[in-house]
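Structure record follows, encoded as structure tokens.
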Protein chains: 2
Amino acid sequence: MRDVSKQPTDPRVLRTRQLIKDAFIDLLQEMDIEKMSISRIAERATINRVTFYLHYRDIPDMLEKMADDMIEDFKQAVGIEPEKPAVTEEEDWFMMLRLLEHIAEHHKFYKVILGSRRAPIFSERLLNMLTELISARIEEMGTESFCYKAGIPKDIAIWHGSAALIGTIVAWLRNDMPYTPAFLAKQFYLLTRSRIETKGE
Amino acid sequence: MRDVSKQPTDPRVLRTRQLIKDAFIDLLQEMDIEKMSISRIAERATINRVTFYLHYRDIPDMLEKMADDMIEDFKQAVGIEPEKPAVTEEEDWFMMLRLLEHIAEHHKFYKVILGSRRAPIFSERLLNMLTELISARIEEMGTESFCYKAGIPKDIAIWHGSAALIGTIVAWLRNDMPYTPAFLAKQFYLLTRSRIETKGE
DNA sequence: AGACTTAATTTACAATGTGTTGGATAATTA
DNA sequence: TAATTATCCAACACATTGTAAATTAAGTCT
């Protein structure tokens, strides 16, 4: 198998990987599930089956690498920088908006990839990313966070929050995005912040 | 393939199915994932491979049937009756407690089955069940529900709530249940109800 | 442009898993 | 005990996998 650690520049490699990725996404839409095979992917990608092995060890390996790429694209698009976490609520909101807009822009890809049962790896990776994000956010709020005030263990709040996010996004995609990214971001705000904000109502 | 619609009474059938189920759970714990095969299951279950086909068409079919059984056991154990939904918050809380206790009681099964990447069907089924439950709950609350007050579309609240539940439970299992069912149920109460309750604090 | 390098193709092979037969054996039930 | 039914066994054609060797095609570099 070829080295994948550093980004390839050879157009032949880029072409082949794109063909494989497209074929995979393509098959994922029509396949009865679990009928995916390297043979079919190669056939659909119009490449030789042996060529597949020059890039990936097997299908799980392929999914792994594709998930890596997805997370990379994601961070790139949303502008997530681990060093400088969002501090204000406005920045939080904007990040969520960019995140949803990025998904909406590539909804065809994300709907297939996140909705399919064959590739839970993608959802899992996204869940991990959101978990880190929310974790950092809560950590940084300290005694200001609602879960501190309500006496809720931080890890439970993190599990709850990240699962709710990813689950809502997947359901949103499955239902063909009946709400705009901005509206959905607003609802997330209401669902998480209302605990504190509604005090005085 | 044998008829599975009505429950079998022949002890040989019950024995074989139990052997298959045990072997599957067993393999799921150690397998590298995606290396599951009918051959391996049959070998581990100490049954002939052909016998497998007398009960299930293929592995996805097996998972489907096992998921059906799981949901059935679940409703049985938790005491969910679609006709008579919970009305008071106490009943809600007790149902959640029974649900978590049932999972805790069979945690070995649920941890493997819900945590594995090979069998998202189980998580999905559970998600659907919780979605129905929460959906009915919100519907029944009418103008009393927090999402009505906050102007949050019902479907978003349902997506959010059910995904949060299933996700938290899976994370709870993955971390070997660091909290008691009662404590976790209490946190769910705090996380969902605090929006209204904390008004006066 | 020509030489060098690397990717992709082609063909072939052994190994494993799938799904299905027909007939023998064992367990259950009436 | 006799009839029924589940399981086992051996065997089959077929598909997929993973690997190897030699060949062709495309990209890179001077």
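Just so you know, these numbers come straight off a predicted model, no measurement behind them. Below, chains carry the letters A, B, ... as their sequence lines are ordered, and counting in each starts from 1.
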Determine, for nucleotides 24-30 of chain C in 5'-to-3' order, which nucleotides have protein heavy atoms under 4.0 Å from the base (write B), from only the sugar-phosphate (write S), or from neither (write -).
--BBSS-
Quick check: does any side chain N or O of B/Asp26 sit under 3.5 Å from a backbone N or O of B/Asp22, one acting as donor and the other as acceptor?
no
Minimum heavy-atom separation for B/Val78 to B/Leu99, with atom names?
CG2-CA, 3.6 Å
Taking only side-chain nitrogens and oxygens of B/Thr16, does any of them come within less than 4.0 Å of OP1 or OP2 of D/dA6?
no
Could you label the plane-to-plane angle of the A/Phe183 and A/Tyr179 rings as parallel, tilted or perpendicular, counting under 30° as parallel and over 60° as perpendicular?
parallel
Whichever of A/Arg40 and B/Arg15 has the more 5' nearest nucleotide on DNA chain D, that residue is B/Arg15
Decide, yes or no, whether a salt bridge links A/Lys65 with A/Asp61 under the criterion of side-chain N to carboxylate O below 4.0 Å.
yes
Rounded to whole Å, please give me the gap between OH in B/Tyr56 and P in C/dG19.
16 Å
To the nearest angstrom, how far is B/Leu14 atom CG from D/dA6 atom C1'?
12 Å
Which whole-number value in Å describes the distance from B/Tyr53 OH to D/dA6 P?
19 Å
Shortest non-hydrogen contact from A/Gly79 toward A/Arg98
O-NH2, 4.2 Å
By nearest-nucleotide position on DNA chain C, the 5'-leaning member of A/Ile47 and B/Val50 is A/Ile47
Using 30° and 60° as the class limits, which term best fits the ring planes of B/His160 and A/His160: parallel, tilted or perpendicular?
perpendicular
Within this structure, what is the CG-to-C1' distance between A/Asp58 and D/dT16, rounded to whole angstrom?
13 Å
Euclidean distance, atom CD1 of residue B/Ile41 to atom P of C/dG17 [Å, nearest integer]
12 Å
For atom CZ of B/Phe94, decide whether the heavy atoms of other residues, nucleotides or ligands shown that lie under 6.0 angstrom number more than 12.
no
So if I take the C1' atoms of five pairs at each end of the helix from C/dA1-D/dT30 to C/dA30-D/dT1 and get each local axis, what angle do the two axes make, rounded to 10 degrees?
40°
Rounded to the nearest Å, what distance is computed from the CD atom of residue B/Glu43 to the P atom of nucleotide D/dC9?
13 Å
Would B/Lys21 pass as a cation-pi partner of B/Phe109, given that its NZ or CZ must be under 6.0 Å from the six-membered ring centre and within 45 degrees of the axis?
yes
Distance, rounded to the nearest Å, where A/Leu54 contributes CG and D/dA22 contributes C1':
14 Å
Tell me: CG of A/Asn48 to P of D/dA25, nearest whole Å?
14 Å
A/His55 side chain near C/dA8 phosphate (N/O to OP1/OP2, under 4.0 Å)
yes
Mind running side-chain contact (heavy atoms from CB on, under 4.5 Å) on A/Ile103 and A/Phe74 for me, showing each step along the way?
CA-CA 9 Å; A/Ile103 292 178; A/Phe74 216 93; 3.9 Å; yes
Which is true for B/Arg49 with a 4.0 Å heavy-atom rule: it touches a base, it touches only sugar-phosphate, or it touches nothing?
base
Could you work out which one of C/dG19, D/dT17, C/dA7 sits closest to the side chain of B/Ile38?
C/dG19
Under 4.0 Å between a Lys/Arg side-chain N and an Asp/Glu carboxylate O for B/Glu64 and B/Arg125?
yes
Can a side chain N or O of B/Ser39 be found less than 4.0 Å away from OP1 or OP2 on C/dT18?
yes
